[in-house]
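For ligands, and for the atoms within them, numbers begin at 1 and follow the listed sequence. In this chain, residues are counted from 1 in sequence order.
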Amino acid sequence: MRLYSLILFVFFAALTIQASAQRSHELFDEGWRFAFGHAALPEKDFSYSLRTVYSKSGGATGTAIDPAFNDSSWRKLDLPHDWAVELPFVQVDSKEVESHGYKAVGGLFPATSIGWYRKHFVLSPADSGRRFEIQFDGIFRDAQVWINGFYLGNNKSGYLGVNYDVTDFLFFHKENIITVRVDASQYEGWFYEGAGIYRHVWLNSFVNAHITTDGIFAHAEIAGERAALTVETTIATEGVQAAGDSPVEVVAYLTDRDGRKLATGKPVTTSLRSGNSRTFIQQINVKQPRIWTLEDPYLHRVVVELKKNGKLIDRQQLRFGFRSIELRTNGVYLNGKHLKILGTNNHQDHAGLGAALPDYLQYYRIQLLKEMGSNAFRTSHNAPTPELLDACDSLGMLVLDEQRLLNSGPEYLGQFERLVKRDRSRTSVFLWSIGNEEGFIQGNSTGRLIAGTLMRKLKQLDPTRTSTYAADMANVYPGVNEVIPIRSFNYRQFAVADYHRDHPQQPLLGTEMGSTVTTRGIWKKDTVRAYLPDQDITAPWWASRAEEWWQLAANADFWLGGFIWTGFDYRGEPTPYSWPNISSHFGVMDACGFPKNIYYYYQSWWRNKDVLHISPHWNEPVPVGEQTEVWVNSNADTVTLFLNGKNLGSKAMPRNSHLRWTVQYEPGKLEAVAVRHGREIRTVVETTGAAAAILLKPSKTTLTADGKDAVVVNVIALDSQGREVPDAGNMIRFALEGDAKIIGVGNGDPSSHEPDHCVPGAWQRSLFSGKCQVILQAGKTTGKVKLTAISPGLTTASVEF
Ligand code: GAL
C-alpha cells in the first residue's frame, strides 16, 4: 500500500507541470494517444457526427471529445508525428494522390485521413490563478481542438500554427484532457504535405498582465557605427483585476548572446484595464553592434520585461541580428554590400521522416545548402516550421517567407497576418511572398486588387520589408505585377531581360529557376523504373536546365538572383514520370541530402572554393568499348583528363558552364588534373570492386540525452580497397543498443516503395546508388548508444555516440 502510494506520487510528479515564476514555455510533445477516425463512417469516427458535439458547452457525451472517453487502446506516441509517411504507397489513378506521393491520405481514403489525438496532463494546484495557453506550431490540417470537452476552435491551415487561451477550462485537482481531430481529407498544395500534428506543441503559462504571443516586434536601422533598435511590445491584461491594481512597467533591453546587457530603452508605465491590450514602442540606441552577416550570423537578444511594484511578472526574449537589407534594381544589398541571391526552393519533408522533422534536421539541411554555396531559402509554398527559421537565423541563410494562397478573404488575410506577426522579427527573413502561380487571377484586376490589399496589410504589420509574388508569366505586366514591388519569375528566364527593358524600375528575381530532373548515380534514362540521367540535360517543358538560367542570371545585375527548383528532392510531384516514381527528381540533392552531379555545377559557381568533380561513375556506365560522355564540373581555369594514364586533352573551363569529353569506356582510373589560380587540383573516379564493407558516417559524434536530439547516419558501401561503390544496392539491416530510437530510413531512390518506418527491431533499407541513410533520435538516459549495420557478405560496421 505504501509502495503503491509512493508509485502514484512519483507518477503524478512526473506528469505534473509546474509553471515557473513569470512565464513558462513547456514543450508538450510527449505522451499523446493517437487513433484513426473515419471520414465516411461516423461510428468509426468515435461518433463525431452521430452526436451533437456543438450543442452544449463542456461535453460531447459518447464521443472522443468527452473527457471520460477511454483512449487506453489508442496508440501511444510522441510528437512530432506525420501519419502519412507511415502508410504504404498505393497506386491509384488520381492526379492528387500522385502529386502527394501516392500515400493513402485524401478524399479517396476515408479510413486513413482523419486522425484523433488525445493528451492527458495534470497541473500543479500552485499554478491556479495563472493563465495558460496551448500552442500548436503546425497541424496538417483542418484541426478541431477541445480541452476538457470545451471547444477551442478550428485551425484550417496545415502550415500556420494556432494558440488558444485555455485558462477558464483547466482543472488543478484532476487531470486535463486535450482532444484534437485532424482532417487531412483535403489538400492545400500539389506536393507531399504530411498528415497530423507534425510540428511542436507547447504549453505556455503567464500571469494576467502579460506580453502577448508574437507580441514583440524588434527592428533596427543601422547608421554608421550606431543602430537605432525599435522594440514594439503588445501587452494584454486578462482575468479579474483587483480595484486600484498597480500599474505595469515595460522595460526593454538588448544583451549580447551571453546575456550581458548592452543597452536599455526608456521604461514605460501603464495601467491596463482587464480585457484590454496596448502596444508600446521603445527606442534603444546601440553603439557599434556586431553585425549579422551570412559568414558571422551573430544574434543578440532583445529582452522585454514587465514589472509590477518593481517585481518581475513577465519576460520574453528574442534572438535578434543587426543587419540591413536593401533590394535595388541592380541587386540585393546586405549591410550595404552587393549580394546575388543564390537560392533554393524547398518543401518541408525529408527522407524517412516525412514532414515530422526533429529540430536538428533543420540545421542539418540548412548546413548542406550552405555547403553547396546557397545563401537563400524560399519556403515554397507555405509558412515554415519555426525551427527552420531558427536554423536560418543561426547559420546565416536568407529566407523568402511565403504565404500559402493569394487571397484577401478573412481566412487567408488572417493567415497572412499571423505569418507576418510570427516571423517579422526574424533576422533571416529578407522578403515576403504573397503567393505563387495563381493562374486564375495573377494576370487580371482581381489579382491586382487582392495583391493590393495584402500589400497594404503588410505595410501596417511590417514596414521594414517588402514583398514579391512568384508569377509564372513571361513579359506580362497587368495584374499582380502592377502592384507588387519585386517582380518575380517562375521559369520563363528568357523574358526577364525584356521585362527589365519595359519596366526598368522594378527589381527582378527568379523565384523558381532550373528544375533539371535527375536521379542520383543513374547514368541512363530508365522509363521502367522512372529514372533520369544524373546530369544537367533534362528539364520539363516549362522549366530550364541549370546552365540556361544561371548563365543569364550570373551575367546581368538586373537579376537579383534566383531560387533553384529545388534544393532537395521531395515526396510527390513525380516528374516527368508517374508510378512507380513516388517523389520528385528536381533536387540538386536527393531526399536524403546526397549530392547529385548538378550539385557540383552550382557549387563551382556559387562557392569560392576549389571544386573539381567528374561524372559519371566508372563502374561500367556503358559497356566496354562504347563511347560515353564524361562531364567535369569545376571552377578551375583549365582541366586535363586522363584515362588510365592516357592524356585525353586539356580544355579551358568556360565560366558558369562545364566541360565534356567523349570517351571510349574501359575500366580503370579516370583522373582530372586542373589548375585554379595557378594551383593544381586533382580528382579521380575509379572502377571499383563489388561491395565488401559498410561505412557509417554520422553527421556528428555526440547525441544529447534530452529525448529530442537527433543524428543523421549515412550508410555507404565500400569495396575491399575502401573505395565507395557507386552502384551498390545491398539490403542493410540496423540494430540499435542504448537509449535511442531509429525514426526513419531512406535512400533517395525516387521509385522506392520500401517503408520509411519499420517496426522496432526490424529496421532495414536497401542502398541506392551505393548509399542510404538512418536517422536516430536520442532517449533521455545517458550512456552509450550503438548503431550497427549488417548485410550478408559485407563486413559489419557500427558507430557509437
Ligand atoms: C511550379 C510550381 C512548383 C512546382 C514546380 C515544378 O510551377 O510553382 O510548386 O510544381 O512548378 O516544376
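- When heavy-atom distances to ligand 1 are checked against a 4.0 Å cut-off, Phe191 has no atom that comes that close, whether in backbone or side chain.
- Closest to atom 10 (O) of ligand 1 among all protein heavy atoms lies Glu573 OE2, 2.7 Å.
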The test is ring pair (Phe, Tyr, Trp, His ring centres under 6.0 Å); show your working for Phe768 and Tyr531 and say whether it passes. CA-CA 12 Å; Phe768 176 66; Tyr531 295 153; 5.5 Å; yes

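- Side-chain contact check for Glu411 and Gln415: at least one donor-acceptor pair (N or O, by modelled atom type) lies under 3.5 Å.
- Near Phe586, meaning under 4.0 Å from any of its heavy atoms, are these atoms of ligand 1: 6 (C), 12 (O).
- The six-membered or imidazole ring of His381 lies near that of Trp565, with a centre-to-centre distance under 6.0 Å.
- Side-chain contact of Asp569 with His585: a donor-acceptor pair under 3.5 Å is absent, judged by distance alone.
- Contacts between Asn436 and ligand 1, counted as non-hydrogen atom pairs separated by less than 4.0 Å, involve the side chain only.
- Taking distance alone, with nitrogen or oxygen atoms compared against 3.5 Å, Glu512 approaches ligand 1 more closely than that limit.
- Asp756 has a carboxylate O that lies under 4.0 Å from a charged side-chain N of Arg571, or vice versa, which qualifies the two as a salt bridge.
- At the shortest separation from atom 7 (O) of ligand 1 among protein heavy atoms lies Glu437 OE1, 2.5 Å.
- Assignment of Tyr491 to the shell around ligand 1 is supported, since a heavy atom sits closer than 4.0 Å.
- Heavy-atom proximity to Ser515, at under 4.0 Å, picks out these atoms of ligand 1: 12 (O).
- We find that Arg422 and Asp214 are not joined by a salt bridge, their nearest charged nitrogen and carboxylate oxygen being 4.0 Å or further apart.
- No hydrogens or angles considered: a donor-acceptor pair under 3.5 Å links the side chains of Ser428 and Asp393.
- Looking only at protein heavy atoms, the nearest one to atom 12 (O) of ligand 1 is Trp542 NE1, 2.9 Å.
- Look at Ala543 and you'll find every heavy atom at least 4.0 Å from all atoms of ligand 1.
- You'll find the ring centres of Tyr601 and His658 outside the 6.0 Å limit.
- Residue Asp472 places no heavy atom under 4.0 Å from ligand 1.
- If you check which protein heavy atom lies closest to atom 9 (O) of ligand 1, you get His381 NE2, 2.6 Å.
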